Structure formats: structure tokens, C-alpha cells
There are 2 protein chains.
Amino acid sequence: MNLPDARRRPTAPFEPLRLEPAYRKVAAALLERITNRSLENGDRLPAEFELARQFGVNRSTIREALRELESSGLLRRERGSKLMMVSRPHPGAVADGISRALALHDVTLRDVWEGLTILEPPIAEAAARRRHGSDLEALQAVVASAADPDPQAAARQAAEFFQRLGEATHNRVLMLGHEPLLQLLAPSLEVMIDELAQARTRIASAQRRIVEALRDGDAAAARTWTEKHIRDFRRGFELAGIDLGRRVHLPA
Amino acid sequence: MNLPDARRRPTAPFEPLRLEPAYRKVAAALLERITNRSLENGDRLPAEFELARQFGVNRSTIREALRELESSGLLRRERGSKLMMVSRPHPGAVADGISRALALHDVTLRDVWEGLTILEPPIAEAAARRRHGSDLEALQAVVASAADPDPQAAARQAAEFFQRLGEATHNRVLMLGHEPLLQLLAPSLEVMIDELAQARTRIASAQRRIVEALRDGDAAAARTWTEKHIRDFRRGFELAGIDLGRRVHLPA
DNA sequence: GAGGGTGCTATTGTCCGACAATCGAGCAAT
DNA sequence: ATTGCTCGATTGTCGGACAATAGCACCCTC
């Protein structure tokens, strides 16, 4: 290991300097403009050719950058239009991405259920305090469509109920936060509903209780009934023989 | 509004048939293979040319599809390598995306704080039950580096504490769930720490209490101290004159 | 035989030029 | 007012090109 001095002083360690490809630099530049709101929600981007001129790169390079932002939901094009439009990421699309990431990371049904246990009762509580009349109507409409014979529809309905509950909090963090969990829960829920005769009525009655609590603005009751509702899911999974330790998968 | 019959029966409503561009179909095909695990985590993708041959499209088209998946974190290339590698989305990157989305949707500091109020106490509770020895060590290391003079570093430290807390739950849903909130909290936290003399010591002592509770496996105490800790943030924001109703922005 | 340089090949990043399809607008015809 | 037509602008896709370089097999020296 002992080398002559001339060899021992070489390594003044150069950091491996980051060479980003041009398409990523372009994407970063556009992203920067979007996050600092120089480019706002409805704004239309210049044509690809014009962008290529401004950035001084080829149109192909621009296109690769656009695809990058497009898939993040930051750019979209309105139905059949040509020019790209700056857009806020659609919450549903963001939730899809989160769900995918969680599924690929081998999240278990238990993990998801635990997340719901934590999130939903306080959401119900907040919803009871802050709901508007329209939120209540939306929830009642969902509850009215309960007990669908098709298991898949029934599972969707159960998830939609929570979604509307989230919307009633008027807190986007909460809305977005529980949506991936609902997506990941749905497939197991479907199996459970299909397997357990009593599942539909139990879900329906829990939903009714919760909505009543919301109607009365009774936050404590909303919380309590929601806790029960979620706990019931777990019981249902166990009764239906669904392994809580299994990986969740994405809805089809 | 009353039109002749011939006019009233027109709209047997055609759905506006989806014609997707080829690059999105390619991306969808690859995504499908990834989500159903025909393509697994470390797998290397064929070269662009070969993909172009297999899909029967031009290489440019393939490249656009790759950019789409790359920005979702589903493809990456290892440091200085050529071929693309299938990858699970890095949680940090996913959290960045969520933060961006929330920020662009005009989420307020109050929304974020409320999310933390809901999430963190149960996280602390779960962490107290499930922490490993190594989690405790990591937390203690973070706590030891508290009270940094630089406000930015101090804010980062406060956020990192919660991150480690999340890791101690060994529930990826919880880990990923609170990370965007921490990112969005950080800038305000920094202002608050800079403004309030007592902030650093209060944070440090709260952290110590929580870690002690975790050490003793005392879930109730962990929860309680965490509740106090988060409530304290709110008091801090008020004392520092930070408007809870203002939009959060992304850390620089 | 081992270790280290060296050239080859495959692959990516970027560019150029081309063309069909189509959207929007303007304009003409009905 | 609706329809049809033309025209320019723009996107989606293609083919081909070339420099840079990562990976690899090869060769050379010791």
C-alpha cells in the first residue's frame, strides 16, 4: 500500500460531476417555471418548434422533456387540442402513482388497514365539523346506492363513501392522503364482500350511522362509528380467510 | 326547449373514442409488465433499438415512452450505465411528487398541520410498539444533533426526527404518508425556528421525551408527547406571526 | 498466469429532415 | 345558421445520422 510520494498525493477527490442529459435539463427548467408559478394552471405552452428554438435544442429533445412532465400530470392537453396546457396534477392520477409505488414496495394489507385505522376516524371527525350541506347530500347519495349485488360495484361504493367523507373535510391533504389506501383496499374488499353474506348490510348500516353523525354535526359519534366501521373490515377479512400479511395489488 | 321528435332522439351518446398516441401505448405496455411483475425490480430493459424492433415503432417513440416511465421512478439507470433498469419508485421521489401536487393545489399550512396532528401521534404509538433497537439508535442520533444554530439545519433536523419515527413503525404506508407533510412543513418551520428563541430547546426536549417513551415501549406516552410536540408547532407558528392560512411552498 | 492498457462494438443522447393527420380559423356555398 | 373547403400551424411518427462512452474481449507486458 505504500506508494512513492508522487503517487500518494493524487486523489484530491473530484466529485463525479453531474452531466444531465439535455432533455432532463429542459424538463427541470419547465418544472421550475411551473412550481414558482411563472407558468400557471391554465397557461398554454408554446409549440414544440418554438420551445426548441428558445432552448436551442432539437424538437425531439423537447418532446422527451414534455413526456416527462406529462406523466407527472403537470402538463396535459385538453381533449383533442394541440398545444400543451400547464395543469395541476389531477389528484386521482397522483393517487394512482402512490398506489403503484406502495404496491411495488410490497405493502401488505395489514399496512393499508392500519393506515386507514389511523386516518379515517379523524377524517370523519373533521368532516362532522366542517361538512357543507352539499357534502352531506353527496354522502347520502352514495349511501343510498349501497348493497349493490355486484361485489366489485359494492367494493367501489364502500371506497367512494370514504372518498366523499374525505372531501367533506375540505382539507386536500386528507383527501389525497387516504385515496391510495382506498384504492389498495378495494380488491380485498371485493373478495370479502363476495365471501361474506353479512358484509353488505354491515357496511350499509355503518355508513348510515356515520352519515347521521355528520348530519347532526356530532364529531365524537362520527369518529366512533368510523372506528367501528374500519375495525369491522378487519374482522371481515379474517372471517373471509383473507391473509392480512399478503401483498396488496392494484385494482384492475 | 320542446323540439320536434326527430330532434329529441338524437344523442345516443357516442363516447369520444380514445385514440392514444403510440408512445403512450408503449409506456402502458411496459407499465403493465412492471406492475404485474413480469419485469422485476433489478431487471434490465433491452436496448432502445431492440425495443423499437419488438414494438414495431421508431426509436424516438420508444424514447418518449421511456421518459414517461423514468419520471415516475419506474425506470432508472444506474450511475453511468447504459441500459435502463426496472426500479421501484424511490419513496423520496414519490414524496416530492406529492408535495409538488399539494403545493400546486394551494394547500395551506393549516391543512398540513392538521394532517400531522392526525398522523404523527398514532405513528409514535406504533413506533413505540414496534421499534427495533436500530430504530432507537437512529432516533437518538438525530436527537443528539438537535439545536443546530443554522435555522435551516434545525428545521431539517426536526423533520428528520419524524422521518425516523415513521421508519420505526415498519409500515411503509405510514412512512410514505407523512413524508410530503414534513417536506411542506419544513420551510415554515425554518422561519419559526429563526424567529423564536425558545423553539430549539422546546423541540429538543419534546424529541427527548418521545424517544424515552419509545425506549420504554410506552405507546401511550409516545402518543401524548407527540401530540404535545405537534400542538407546540402550531403555537410556535402563531407566536412567530406565521399565517396558518397561507399556501405552503416547496423547500428550496 | 496476472495485471493493465487498448481497441471494438453496442448503446445512448442528440440532431436533422420529412411527412401524414388534424386542429383552428377564415371563407365560401347552401 | 349550418355545412363544406382550403390553408397554415402543430403534433405524432418515421428514417437516418453521428459523437460520446460503457462494456467487453483482446492483447501485451511482466
Side-chain angles (χ1 to χ4, degrees), chain A residues 1-4 6-7 10-11 14-30 39 42-71 74-87, chain B residues 1 3-4 6-8 10-11 14-30 39 42-71 74-87:
Chain A
M1 275 306 178
N2 272 341
L3 298 171
R7 274 251 140 62
T11 13
F14 289 105
E15 50 196 64
L17 68 111
R18 210 81 222 97
L19 324 179
E20 275 188 311
Y23 64 81
R24 205 166 301 153
K25 284 191 197 149
V26 171
L30 288 170
L39 284 172
D43 292 357
R44 280 159 138 90
L45 237 47
E48 295 173 355
F49 204 73
E50 171 63 13
L51 284 172
R53 197 190 59 73
Q54 291 185 24
F55 280 108
V57 298
N58 191 272
R59 189 160 78 97
S60 310
T61 304
I62 295 289
R63 283 179 65 82
E64 293 187 35
L66 293 183
R67 293 298 88 77
E68 218 157 275
L69 298 180
E70 193 182 20
S71 78
L74 293 166
L75 294 180
R76 52 187 209 71
R77 90 171 71 266
E78 42 196 338
R79 152 72 193 146
S81 170
K82 294 244 158 210
L83 274 63
M84 288 282 226
M85 217 180 67
V86 176
S87 153
Chain B
M1 274 307 181
L3 299 171
R7 272 256 141 62
R8 300 225 15 221
T11 12
F14 289 105
E15 44 196 73
L17 64 114
R18 270 256 150 313
L19 358 157
E20 279 187 309
Y23 62 80
R24 204 167 300 152
K25 284 191 198 152
V26 171
L30 288 170
L39 285 172
D43 292 357
R44 280 153 130 96
L45 237 47
E48 295 172 355
F49 199 75
E50 171 62 14
L51 284 172
R53 197 189 59 74
Q54 291 185 25
F55 280 107
V57 299
N58 192 274
R59 190 161 77 96
S60 310
T61 304
I62 294 289
R63 285 179 64 82
E64 293 186 35
L66 293 184
R67 294 298 87 79
E68 226 163 84
L69 298 180
E70 193 181 21
S71 78
L74 293 166
L75 294 181
R76 48 184 282 278
R77 69 161 84 307
E78 40 197 338
R79 154 74 191 143
S81 168
K82 294 242 157 208
L83 273 62
M84 289 279 232
M85 218 180 66
V86 176
S87 152

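Just so it is clear, the model here is predicted, and its values are computed rather than measured. We name chains A, B, ... by the order of the sequence lines, and we start the count at 1 in each one. Hydrogens, waters and symmetry mates play no part in the numbers below; they use all other heavy atoms, side chains included.
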Inset, instruction - Could you tell me which residues satisfy side chain to side chain contact (heavy atoms under 4.5 Å, CB included) with A/Phe49, sequence neighbours excluded, listed by chain and number? - result: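 Expected list: A/Arg59.
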
[X] [atom1] - [N] [atom2] separation (whole Å):
X	N	atom1	atom2	answer
B/Arg63	C/dC15	CZ	P	11 Å
B/Glu20	C/dA21	CD	P	20 Å
B/Arg77	C/dT12	CZ	P	7 Å
B/Arg44	D/dA22	CZ	P	13 Å
A/Leu83	C/dT22	CG	C1'	13 Å
B/Asn58	C/dA20	CG	P	16 Å
A/Glu64	C/dT14	CD	P	7 Å
A/Leu45	D/dT10	CG	P	12 Å

Legend entry - Nearest-0.5 Å distance that lies between atom CG in B/Leu51 and atom OG1 in B/Thr61: 12.0 Å

Taking side chain to side chain donor-acceptor pair (under 3.5 Å) as the test, write out the residues that go with [X], two or more places apart.
X	value
B/Arg24	A/Glu70
A/Glu50	A/Arg53, A/Gln54
B/Asp43	none
B/Glu68	none

Protein-nucleotides 17-19 of chain D N/O pairs closer than 3.5 Å?
unit_1, atom_1, unit_2, atom_2, d
D/dA17, N6, B/Arg59, NH2, 3.2

Inset, instruction - Using a cut-off of strictly less than 4.0 Å between a heavy atom of the residue and any atom of DNA chain C, enumerate the qualifying residues of residues 46-55 of chain B by number. - result: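 Those residues whose heavy atoms fall under 4.0 Å from DNA chain C, taken from residues 46-55 of chain B in numerical order, are B/Ala47, B/Glu48.
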
Inset, instruction - Check DNA chain C against residues 22-30 of chain B and give the residues with a non-hydrogen atom under 4.0 Å, in numerical order. - result: none

Legend entry - Contact check, side chains of A/Leu45 and A/Leu83, non-hydrogen atoms, under 4.5 Å: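 Side chain of A/Leu45 against side chain of A/Leu83, heavy atoms only: no contact under 4.5 Å found.
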
Inset, instruction - Kindly say if B/Thr61 contacts the phosphate of D/dC14, meaning a side-chain N or O under 4.0 Å from OP1 or OP2. - result: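 Indeed, a polar side-chain atom of B/Thr61 lies that close.
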
Legend entry - Touch class at under 4.0 angstrom, heavy-atom based, for A/Ser60 against every strand present: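 Result for A/Ser60 = base.
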
